[in-house]
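Keep in mind that this is a model prediction, so the values were computed, not measured. Below, chain A is the first sequence line, B the second, and so on; all start at residue 1.
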2 protein chains.
Amino acid sequence: MSLSHALLTALAEHACSGSELAARFDRSIGYFWPATHQQIYRELAVLEKEGWVESLPPESGRGRKRVYRVLPAGLEELRRWVAAPRDPRPIRDEMMVVLRAEAVVGPTDLAASIEGRLERHREKLDLYRRIEARDFAGAMPSREQRLRHLVLRTGIASELLWIDLCQSAIALLKQADEEPTEGAGGGNGPPAAAPRSAPS
Amino acid sequence: MSLSHALLTALAEHACSGSELAARFDRSIGYFWPATHQQIYRELAVLEKEGWVESLPPESGRGRKRVYRVLPAGLEELRRWVAAPRDPRPIRDEMMVVLRAEAVVGPTDLAASIEGRLERHREKLDLYRRIEARDFAGAMPSREQRLRHLVLRTGIASELLWIDLCQSAIALLKQADEEPTEGAGGGNGPPAAAPRSAPS
DNA sequence: ACAACCATGTAAGTAGTTACATGATTTA
DNA sequence: TAAATCATGTAACTACTTACATGGTTGT
């Protein structure tokens with residue numbers, strides 16, 4: 001499970017409390033593995049039971065910051081997990097399903113809803129680029145810095161990919177709206193080519 | 001929820017049974033929204049209760065194919081869903097977490113495990129390209145064909161992106177292994193640059 | 001008629017989301 | 001000292017996964 005190991009990583013970078021972890025996630029690892037504070041508190045309890053972290057408890061049992069620190073066993077587990085073989089997660093994106101659906105029930109005003117999503121991707125791209133300029137502007141000496149930069153660059157590339165998809169989709173949908181029936185020789189367009197053998 | 005609408009889409013393309021849906025998912029929509037047969041059967045029951053599909057029941061209650069067909073209300077729902085506004089799903093990929101973790105606890109032999117993943121992405125890319133050659137080789141007259149091609153091309157671009165990440169990561173990790181300590185002026189490398197203000 | 005397989009389904013568990021609760025600290 | 005906020009947590013729910021079960025069909 002990734003959340004637990006994302007937490008171990010963050011705590012290894014430096015020890016902190018649950019709420020601080022949640023805040024750090026919101027502007028760092030959370031870009032690529034989001035987590036709410038509820039998840040984080042639950043998972044911290046599990047990590048502690050596993051003996052991977054310890055908490056320096058405050059005076060009372062509740063309402064006060066409880067700082068967590070990684071134990072040697074936790075670092076060991078993290079090292080094991082890093083080198084373990086793993087398969088890629090399949091893509092699972094609504095956009096892909098929506099486009100297929102629109103191909104069947106369209107035309108609709110899908111283009112408008114994609115515009116919104118496009119804007120969201122542009123904001124994310126902008127954010128990543130500002131982080132890149134801030135943290136990775138100069139020479140990149142350390143191994144750690146280079147690895148973190150690679151993660152960020154992949155995030156940037158991913159946003160560019162989705163921006164490209166959104167733009168292509170919008171163009172395609174609008175074009176189809178404007179010329180609902182058309183073709184070189186007129187008529188109502190070729191009849192969906194030859195009956196293919198169940199295309200993908 | 002996407003699965004229900006992916007099923008509606010598939011059934012709108014043409015009516016079929018649960019097991020046939022599962023098979024079609026394995027070589028089509030399932031590339032971008034995977035689903036097991038258990039999920040599919042459960043969801044079909046829900047769709048039927050909603051009045052979005054109907055099933056032509058076989059003679060006995062069990063053990064025989066039960067063909068599902070979309071009802072007008074189902075098509076209506078699908079049309080509504082397509083145009084509804086939606087946010088992009090955040091990226092959530094273990095790879096990103098693993099690279100951050102390796103930056104903290106490394107060096108490990110992460111490169112070896114990434115090689116495996118790289119191979120998986122190459123296979124997927126190859127598959128998509130074969131599908132593209134098979135289904136989208138000639139002119140692309142129909143709106144439906146163009147939308148489906150766009151989905152596939154995005155899948156291809158996505159695999160290329162991950163292949164690039166895997167290769168960059170492997171190169172970076174190996175390079176760091178070979179020259180664990182080095183620099184223009186020697187020593188054990190610059191001490192992680194200046195203490196920045198908590199880089200991303 | 002028996003084995004192998006196919007189609008449908010149940011059950012239990014994991015991960016993540018959303019809504020709400022409570023005690024402590026800070027601020028007006 | 002009351003209100004607002006912070007830190008920690010509980011509860012209920014949804015989506016997905018994994019393992020298993022059962023009745024029907026097909027092939028030998």
Side-chain angles (χ1 to χ4, degrees), chain A residues 1-8 11 15-26 29-50 53-68 81 86-94 97, chain B residues 1-8 10-11 15-26 29-50 53 55-68 81 86-94 97:
Chain A
M1 210 251 297
S2 283
L3 177 56
S4 47
H5 296 88
L7 291 173
L8 286 174
L11 289 176
C16 68
S17 70
S19 57
E20 286 163 345
L21 268 178
R24 288 171 62 194
F25 260 64
D26 282 346
I29 299 189
Y31 294 141
F32 307 112
W33 201 278
T36 60
H37 77 269
Q38 293 90 336
Q39 267 183 289
I40 289 173
Y41 285 122
R42 209 159 4 102
E43 201 59 34
L44 281 173
V46 174
L47 294 184
E48 187 163 27
K49 205 158 55 185
E50 297 273 359
V53 305
E54 66 174 358
S55 65
L56 296 314
E59 312 76 63
S60 95
R62 206 169 177 183
R64 202 59 300 247
K65 272 190 191 177
R66 172 185 288 271
V67 171
Y68 286 85
W81 177 78
R86 58 175 52 82
D87 283 347
R89 294 212 145 192
I91 305 175
R92 184 170 268 168
D93 196 286
E94 276 201 333
V97 179
Chain B
M1 212 252 298
S2 283
L3 177 56
S4 47
H5 297 87
L7 291 174
L8 285 175
L11 289 176
C16 68
S17 70
S19 57
E20 285 163 345
L21 268 178
R24 287 171 63 193
F25 259 64
D26 282 347
I29 299 189
Y31 293 141
F32 306 114
W33 201 278
T36 61
H37 77 269
Q38 293 90 339
Q39 266 182 288
I40 290 173
Y41 286 121
R42 209 158 1 100
E43 201 60 34
L44 281 173
V46 174
L47 294 183
E48 187 162 28
K49 204 158 53 185
E50 296 274 359
V53 305
S55 66
L56 296 314
E59 311 74 63
S60 96
R62 206 168 175 181
R64 202 60 298 246
K65 274 191 191 178
R66 170 185 290 269
V67 171
Y68 287 86
W81 177 79
R86 58 175 51 83
D87 283 348
R89 295 213 147 194
I91 305 175
R92 184 171 267 167
D93 196 286
E94 277 201 333
V97 179

Worksheet item: Rounding to a whole Å, what distance do you find between Met1(A):CE and dC16(D):P?
Response: 18 Å
Item to complete: Return the value, rounded to whole Å, for the distance between atom CG of Asp93(A) and atom P of dA15(D).
Response: 17 Å
Would you tabulate the pairs of protein nitrogen or oxygen atoms and nucleotide nitrogen or oxygen atoms of nucleotides 18-20 of chain D closer than 3.5 angstrom?
unit_1, atom_1, unit_2, atom_2, d
dA19(D), N6, Gln38(B), NE2, 2.9

Practice prompt. Please answer whether the main-chain N or O of Glu94(B) pairs with a side-chain N or O of Arg86(A) as donor and acceptor at a distance below 3.5 Å.
Written response: no
Worksheet entry | Value rounded to 0.5 Å, distance of OG in Ser2(B) from CG in Leu7(B) | 10.5 Å
Worksheet item: For DNA chain D, what residues of residues 17-24 of chain A have any heavy atom nearer than 4.0 Å?
Response: Ser17(A), Gly18(A), Ser19(A)
Discussion item. Can you measure Ile40(A) atom CD1 to dT17(C) atom C1' for me and round it to whole angstrom units?
Written reply: 13 Å
Worksheet item: To the nearest 0.5 Å, how far apart are OH in Tyr41(B) and OG1 in Thr36(B)?
Response: 10.5 Å
Practice prompt. Nearest whole angstrom, please: distance from the C1' of dA15(C) to the CD of Gln39(B).
Written response: 13 Å
Worksheet entry | Nearest to side-chain heavy atoms of Lys65(B), which nucleotide of dA7(D), dA7(C), dG16(C) | dA7(C)
Worksheet entry | Partners passing side-chain hydrogen bond (donor to acceptor under 3.5 Å, both in side chains) against Glu20(A) (at least two apart in sequence or in another chain) | Ser17(A), Lys65(A)
Worksheet item: In whole angstrom, what separates Trp33(A)'s CH2 from dT17(C)'s P?
Response: 10 Å
Worksheet, complete the sentence: Separation of dT17(D) atom C1' from Asp87(A) atom CG, nearest Å, is 15 Å
Worksheet item: How many Å lie between CG on Leu44(A) and C1' on dT10(D), as a whole number?
Response: 16 Å
Worksheet item: For Cys16(A) and Leu11(A), what are the C-alpha separation, side-chain angles and deciding distance, and is it a side chain to side chain contact (heavy atoms under 4.5 Å, CB included)?
Response: CA-CA 7 Å; Cys16(A) 68; Leu11(A) 289 176; 4.2 Å; yes
Discussion item. Please check this pair: side chain of Arg92(B) against backbone of Pro34(A), looking for a donor-acceptor N/O pair closer than 3.5 Å.
Written reply: yes
Worksheet entry | Minimum heavy-atom distance Gly18(A)-Leu44(A), with the two atoms named | CA-CD1, 3.9 Å
Worksheet item: Which value, rounded to the nearest 0.5 Å, describes the distance between Glu50(A) atom CD and Leu8(A) atom CG?
Response: 10.0 Å
Worksheet item: In whole angstrom, what separates Arg92(A)'s CZ from dT17(D)'s P?
Response: 5 Å
Response to the item:
Per atom distances to the Tyr41(A) side chain, the nearest of dT17(C), dT17(D), dG9(D) is dG9(D)
Discussion item. If you compare all heavy atoms of Ala35(A) against all heavy atoms of Leu3(A), which two are closest, and at what distance to 0.1 Å?
Written reply: CB-CD1, 3.8 Å
